[in-house]
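Take a look at the structure below.
What you see below is based on every heavy atom in this structure, not just the backbone, and it leaves out hydrogens, waters and symmetry mates. Because the structure is a prediction, the values reported are computed rather than measured.
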Amino acid sequence: MGKRMERYENKRGGRKMSPTQRNIPREKQKKKSGLLATFFKIVFSIILVFCIGAGGAAFAYYKITGGFSSEKTDKPVSSNAKNTSFLDALKKKNLKINVAVFGVDGDGTRTDVMFVVHFDSEEQRTSLVSMPRDTRVKIASDVVSYMEKESKYYQSPTKLNAVHAYVGKEKGPEMTVKQLEDILGIEIDHYVKVDLNAFRKIVDAIGGVEVDVPQNMFYEDPYQDLYINLKKGPQLLDGDKAEQLVRFRSYPMGDIARVEVQQRFLKAFAEKVTSSDTIIKNIPDYISMLYNDVQTDVTLADALKYINYISMVDPAKIKMETLPGIPEEIAGVSYYIYNEEETKEMVNRIFYGIGLEDDTEEQANDSKKYNIEVANGGYTEGLAGRVSNRLKSDGYTVSGVSTYTGTKQEYTRIIVKEQGVGEDLKDYFSDARIEVDDSLLSADTDIKIIIGTKQSDIDS
């Protein structure tokens, strides 16, 4: 266990890579999967659509209390999936698993969307860490060894999404996993690669996804057969329009804003796909769509194990984070420069559970420390104002009152930045639920209350 904890420190000490050029051999033709392989792809992919759609994953985000330690004893692990037997799964013994998910572009060459999902069944928490495609990386030593053995061309440093392109479609996911392990210092158990065809089909199969598009989006690239034309505001996106949303890149904040929009889409997708009626109704479509369009290294035995844990995924606890860093231009090329120290802290907290607060009771009653926005998402005129006045009289800080224009919900949503905050606010409403999603909060807002349609007045 200690060895795995040291990976973050040790793996970065490899030799420096300089740009290298190799002859490019013809890619071997991909072997067709057998019936059994196809079956487990379908089984696991449906599970994954459920899990990742359910929140891509939800993880309790607690206060950071320290970095990695180099001690080799009494350390937690980020994954025990390979040691979890089928009998363990039937008994629902604790499972920790890390899965890399890749969304590839039109020709399947570059990984335009990348994130790593961590699931901990004992805590019933999962997390999704987005990896910006423009992240500047030195090619990992394992990937270099493969490239040199196969006489393939590569450059280092390069963008993260170029690793898959250099390696090729067949081994691309496996080598990109090696690169992600090098960045994060964790062991990744499996990968799932979804192409644009599968993405569009998944969205269409569930009847589209309601999303609040953050800005007008227009872009044309005939070479990629990419035409984007979306208007700002709440709307139902079908598969084609959803693809336009997640592939749009022209944001003032660059790639990091693109990642935030992708995360927001995943959350909206989660709310739709986790409806049991939706899943049951569309199972035939899922099977048909995933038959040819999803690539994964999960075996049938693995799939049958993991299905026992699906009920433990709680979409209400959704939590998504992004690799810490900033956009930067180097020699005329736009990169995302990740912060190694902050990355260690994030990995420490999310994947290893180090630094999580055991005592959440104090956190649950500290909402008075934060700026709160109250938004009327229901039909009762003036209710947001009355809620604001009541909270102010009880000592809370209300920074603003607004009207919510997004998709209406019957229950009241309390949007917070971190798990454990906002529990005290639930007492004011008949049906209120905590959602961890800082992408829905403005720069000067720590908590946003979106009043539900069933709330006719503030509870006394």
Side-chain angles (χ1 to χ4, degrees), residues 55 58-65 123-125 127 210 212 214 234 260 263-264 267-268 270-271 314-321 349-350 355-460:
F59 186 84
Y61 174 85
Y62 289 92
K63 182 180 177 183
I64 300 170
T65 60
E123 300 296 331
Q124 296 193 22
R125 293 192 299 239
S127 67
E210 288 274 358
D212 190 352
E260 289 176 357
Q263 289 181 342
R264 193 174 301 180
K267 178 158 284 192
E271 293 176 359
D314 184 355
K317 294 181 180 178
I318 218 167
K319 176 60 189 177
M320 301 180 183
E321 295 199 32
R349 180 181 69 253
I350 290 179
L356 298 184
E357 292 287 348
D358 294 325
D359 183 10
T360 60
E361 184 176 350
E362 181 181 345
Q363 293 186 34
N365 294 291
D366 64 358
S367 298
K368 292 181 181 180
K369 303 176 183 178
Y370 299 113
N371 290 329
I372 302 172
E373 176 188 350
V374 180
N376 195 345
Y379 304 110
T380 304
E381 187 175 351
L383 181 53
R386 292 198 294 276
V387 170
S388 172
N389 291 336
R390 172 63 184 281
L391 292 177
K392 287 179 180 178
S393 68
D394 287 349
Y396 292 90
T397 301
V398 179
S399 58
V401 175
S402 62
T403 300
Y404 183 66
T405 58
T407 304
K408 295 184 181 297
Q409 300 285 352
E410 291 185 345
Y411 58 89
T412 293
R413 301 163 63 194
I414 300 175
I415 314 297
V416 299
K417 291 182 178 180
E418 59 186 44
Q419 190 72 24
V421 175
E423 291 291 336
D424 49 327
L425 295 170
K426 292 170 67 175
D427 294 337
Y428 291 92
F429 306 97
S430 57
D431 182 8
R433 306 177 192 180
I434 304 291
E435 293 184 20
V436 181
D437 188 353
D438 55 11
S439 68
L440 296 180
L441 301 173
S442 62
D444 58 351
T445 301
D446 301 304
I447 300 173
K448 183 173 183 177
I449 300 173
I450 304 175
I451 302 171
T453 59
K454 279 193 171 181
Q455 189 77 31
S456 59
D457 209 340
I458 186 167
D459 291 353
S460 57

Would you mind writing out the side-chain donor-acceptor pairs for residues 371-382 within the sub-3.5 Å range, not counting sequence neighbours?
from : atom 1 : to   : atom 2 : distance (Å)
E373 : OE2    : S402 : OG     : 2.7
N376 : OD1    : G378 : N      : 3.0
N376 : ND2    : T380 : O      : 2.9

Expected output: side-chain K448 to main-chain R413 donor-acceptor under 3.5 Å
no

Just do the side-chain contact (heavy atoms from CB on, under 4.5 Å) check on L425 and I449 with the steps written out, would you?
CA-CA 9 Å; L425 295 170; I449 300 173; 4.1 Å; yes

List the steps, then state whether salt bridge (Lys or Arg N to Asp or Glu O under 4.0 Å) holds for K426 with D424.
CA-CA 6 Å; K426 292 170 67 175; D424 49 327; over 6 Å; no

Starting from the C-alpha separation in whole Å, work towards a yes-or-no answer on side-chain contact (heavy atoms from CB on, under 4.5 Å) for L441 and K417.
CA-CA 8 Å; L441 301 173; K417 291 182 178 180; 3.4 Å; yes

Kindly compute the distance separating CD1 (I415) from CD1 (I434), expressed to the nearest 0.5 Å.
8.5 Å

Basic-acidic side-chain contact under 4.0 Å: D394, K392
no

Contact between L383 and Q455 at the side-chain level, heavy atoms closer than 4.5 Å - yes or no?
yes

Using side-chain heavy atoms (C-beta onward) and a distance below 4.5 Å, is V416 in contact with D446?
no

For residues A432 and I414, report the shortest heavy-atom separation together with the two atoms involved.
CB-CD1, 4.0 Å

Mind checking the OG1-NZ spacing from T453 to K408? Nearest 0.5 Å is all I need.
8.0 Å

Tell me if a side-chain donor or acceptor on Q409 pairs with a main-chain N or O of Y411 at a distance below 3.5 Å.
no

Suppose we screen for side chain to side chain donor-acceptor pair (under 3.5 Å). Which residues come up paired with T445, at least two apart in sequence or across chains?
S442

Which atoms form the tightest heavy-atom contact between S388 and V398, and what is the distance?
OG-CG1, 3.3 Å

Test side-chain contact (heavy atoms from CB on, under 4.5 Å) applied to I450 and T412, step by step:
CA-CA 6 Å; I450 304 175; T412 293; 5.9 Å; no

Closest heavy-atom pair, V421 versus S367, reported as atoms and distance to 0.1 Å, is CG1-OG, 4.2 Å

Take D457 and R386, measure what side-chain contact (heavy atoms from CB on, under 4.5 Å) needs, and give me the verdict at the end.
CA-CA 8 Å; D457 209 340; R386 292 198 294 276; 3.2 Å; yes

In short, A384 meets I451 closest at the heavy-atom pair CA-CD1, 3.8 Å

Flag, side chain of T407 to backbone of E210, donor-acceptor distance under 3.5 Å
no

Min side-chain heavy-atom separation Y428-V387 under 4.5 Å
no

Just so I know, are the side chains of E321 and S127 near enough to count as touching, which here means a heavy-atom distance under 4.5 Å?
no

